[in-house]
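Just follow the structure's listing: the first ligand is 1, and inside any ligand the first atom is 1. The shown structure was predicted, so the numbers you read here are calculated from the model rather than taken from an experiment.
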Amino acid sequence: MNPLRVTIWHEYRHEHHNDKVAGIYPDGMHQALAAGLAPHGFDIKTATLDEPEHGLTQAVLDETDVLTWWGHIAHEEVSDEIVDRVQERVLNGMGLIVLHSGHLSKIFRRLMGTGCMLKWREADEKERIWVVDPAHPICAGLPEYIEMPEAEMYGEHFDIPPPDALVFVSWFEGGEVFRSGCCYQRGQGKVFYFRPGHETYPIFHMPIVHQVLANAINWARPVGNPPMVRGNIPQFMR
Ligand code: ZN
């Protein structure tokens, strides 16, 4: 079987303006993710906001089985035409993994149909990400919980539709909880939201995070059905 084709999409702005972020991700968060996911056997490409068509030409998307998405300060700079294109590919079977502040991206809000806002706080709080659906493929090989020594807090209420499967729930030192691993199907495509990934922590250098994301990419892979037949059709012949 050919390796899964993964495109890692990254806004790639903080690294240019924030020394702390540039120190953690000197080549950009997308390259850290690409390096971390490479041992899992994927055929990996990267794409960034400032490339022509945000690096997401129709040809790139047609050759992508699973797309990952990290954005934060420039969601509104993503063109609606590209959002339409990504949505169409998801509805036709491409997997989509939305990371951290991608909760407010145009594509995630479009696919969810809700506001997708939440509570947040930057106070270097400990986070425990509890596995609440251990039989789910995204939880394969994981311990009972994943601990982040320092994290940005995200708290409920998170304005999303009820997930088809909820695989992680986070606890934060400051008292809040959050639905940190949310699975959806949209059309023929699968969507996974994963909470960790604030830019001032080395989250995407963590092997356990690479394992979660590799599991999620494998879960979100297209099953390979032909395009669905819809519209006006003749009767079947007896
Ligand atoms: Zn953040």
Review point. Going through the checks in order, is the side chain to side chain contact (heavy atoms under 4.5 Å, CB included) test met by Leu61 and Thr57?
Key: CA-CA 6 Å; Leu61 287 173; Thr57 62; over 6 Å; no
Review point. Does any N, O or S atom in His72 come within less than 2.8 Å of the Zn ion (ligand 1)?
Key: no
Practice item. Identify which one of Asp65, Asp62, Asp43 satisfies the salt bridge (charged side-chain N to carboxylate O under 4.0 Å, His left out) criterion when paired with Arg5. Key: Asp65
Review point. How long is the span from the CD atom in Glu77 to the NZ atom in Lys106, to the nearest 0.5 Å?
Key: 9.5 Å
Review point. Given atoms OE1 of Glu152 and NE2 of His100, what angle do they subtend at the Zn ion (ligand 1), to the nearest 10 degrees?
Key: 90°
Check your understanding: Yes or no on ring pair (Phe, Tyr, Trp, His ring centres under 6.0 Å) for Phe172 and Phe178, after CA distance, side-chain angles and deciding distance?
Key -> CA-CA 8 Å; Phe172 293 90; Phe178 190 75; 7.3 Å; no
**Study point:** N/O/S atom name from His198 that is nearest to the position of the Zn ion (ligand 1)
**Key:** ND1
